[in-house]
*Asks:* 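First the structure, which I've put down as structure tokens, then a few questions once you've had a look.
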Amino acid sequence: MKIQVNQNNGVNFTALTESGHEIAMDGAAEVGGRNKGARPMEVVLAGLGGCSAIDVMLILNKSRQDVSNCEIVITAERADTLPKVFTKIHLFYRVSGKQLDRKKVARAISLSMEKYCSVTKMLEKTAAMSFAFEIIQA
């Protein structure tokens, strides 16, 4: 995998992914950022959410669950001193669909968090990871 990060100006950058997508990133105002993109640590959490959501959807589809939507709200805490790594991360899943089986949803999320999501496996080295979920029967 290869990512190229190019400076636009100051602490504003654009990442070009190997798959051909751009991600705008900018520093916080206190370091000269102008809010022209996501903060890099926000991008890390977005990657976590995307990784886990893809896992959960694939597992639930294989389990023949009729899922119409999967949403994850992620909250995190960071260390007070440099490097300000994540110390706590909580993922709250909202899974919507028809006649969803609670045990299958719980299993899909557990499998993602404990086995399949590469981003989770990296972040759990510094952060206490937790999750909860709700099912919305549509």
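Small disclaimer: the values here were computed from a predicted structure and weren't measured.
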*Asks:* Show me the side-chain donor-acceptor pairs of residues 110-120 shorter than 3.5 Å, one per line, residues at least two apart or across chains.
*Replies:*
unit_1	atom_1	unit_2	atom_2	d
S110	OG	A106	O	3.1
S112	OG	S52	OG	2.9
S112	OG	D55	OD2	3.1

*Asks:* With a 4.5 Å cut-off on side-chain heavy-atom distances among I, L, V, M, F, W and Y, is there a chain of contacts connecting M41 to L91?
*Replies:* yes
*Asks:* Within a 6.0 Å radius of atom CG on N9, are there more than 12 heavy atoms belonging to other residues, nucleotides or ligands?
*Replies:* yes
*Asks:* State, to 0.1 Å, how close K84 and R78 come at their nearest heavy-atom pair, and which atoms those are.
*Replies:* O-NE, 2.7 Å
*Asks:* Between L123 and F86, what is the shortest heavy-atom contact and its length?
*Replies:* CD2-CD1, 4.2 Å
*Asks:* Is it true that atom CD of Q99 has more than 12 heavy atoms of other residues, nucleotides or ligands lying nearer than 6.0 Å?
*Replies:* no
*Asks:* Compare every heavy atom of C70 with every heavy atom of V95, then report the nearest pair and how far apart it is.
*Replies:* CG2-SG, 4.4 Å
*Asks:* Measure across I135 and R102 and return the closest heavy-atom pair with its distance rounded to 0.1 Å.
*Replies:* CD1-CA, 3.5 Å
*Asks:* Whether the side chain of E134 engages the backbone of R94 through a donor-acceptor N/O pair (distance < 3.5 Å, no angle test) should be reported.
*Replies:* no
*Asks:* Do N12 and R34 have side-chain heavy atoms sitting under 4.5 Å apart?
*Replies:* no
*Asks:* Among residues at least two apart in sequence or on other chains, which ones pass side-chain hydrogen bond (donor to acceptor under 3.5 Å, both in side chains) with N6?
*Replies:* Q4
*Asks:* Tell me the closest heavy-atom pair linking Q65 and N61, and the distance in Å.
*Replies:* O-OD1, 4.1 Å
*Asks:* With no hydrogens and no angle check, is any side-chain donor or acceptor of D26 less than 3.5 Å from a backbone partner on N35?
*Replies:* yes
*Asks:* Measure the spacing between NZ of K2 and CD of E18 and express it to the nearest 0.5 Å.
*Replies:* 8.0 Å
*Asks:* For a quick test of reading the model, state the closest non-hydrogen atom pair linking K36 to A24 and the distance between them.
*Replies:* O-CB, 3.7 Å
*Asks:* Please report the interatomic distance CD1(I23) to CD1(I3), rounded to the nearest 0.5 Å.
*Replies:* 6.0 Å
*Asks:* For T75 and H90, does a side-chain donor sit closer than 3.5 Å to a side-chain acceptor?
*Replies:* no
*Asks:* Is there a continuous path of hydrophobic side-chain contacts, each under 4.5 Å between heavy atoms, that joins V67 to L58?
*Replies:* no
*Asks:* What's the spacing between L100 CG and S63 OG if we round to 0.5 Å?
*Replies:* 11.0 Å
*Asks:* When hydrophobic residues are tied together by side-chain contacts of less than 4.5 Å, even through go-betweens, does F133 share a cluster with I59?
*Replies:* no
*Asks:* Give a yes or no on whether L60 and F131 share a hydrophobic cluster (residues Ile, Leu, Val, Met, Phe, Trp, Tyr; joining criterion: side-chain heavy atoms under 4.5 Å apart).
*Replies:* yes
*Asks:* Would you indicate whether R39, at its atom CZ, is surrounded by more than 12 heavy atoms from other residues, nucleotides or ligands within a distance under 6.0 Å?
*Replies:* yes
*Asks:* How long is the gap from OG on S96 to CD on E71, to the nearest 0.5 Å?
*Replies:* 7.5 Å
*Asks:* Could you walk me through whether L48 and M122 pass the side-chain contact (heavy atoms from CB on, under 4.5 Å) check?
*Replies:* CA-CA 10 Å; L48 169 63; M122 285 189 295; over 6 Å; no
*Asks:* Is there a continuous path of hydrophobic side-chain contacts, each under 4.5 Å between heavy atoms, that joins I89 to V85?
*Replies:* no
*Asks:* If only atom types and distance count, is the side chain of E124 paired as donor or acceptor with the main-chain N or O of A127 below 3.5 Å?
*Replies:* no
*Asks:* Does atom NZ (K121) have a neighbourhood of more than 12 heavy atoms from anything else shown, all under 6.0 Å?
*Replies:* yes
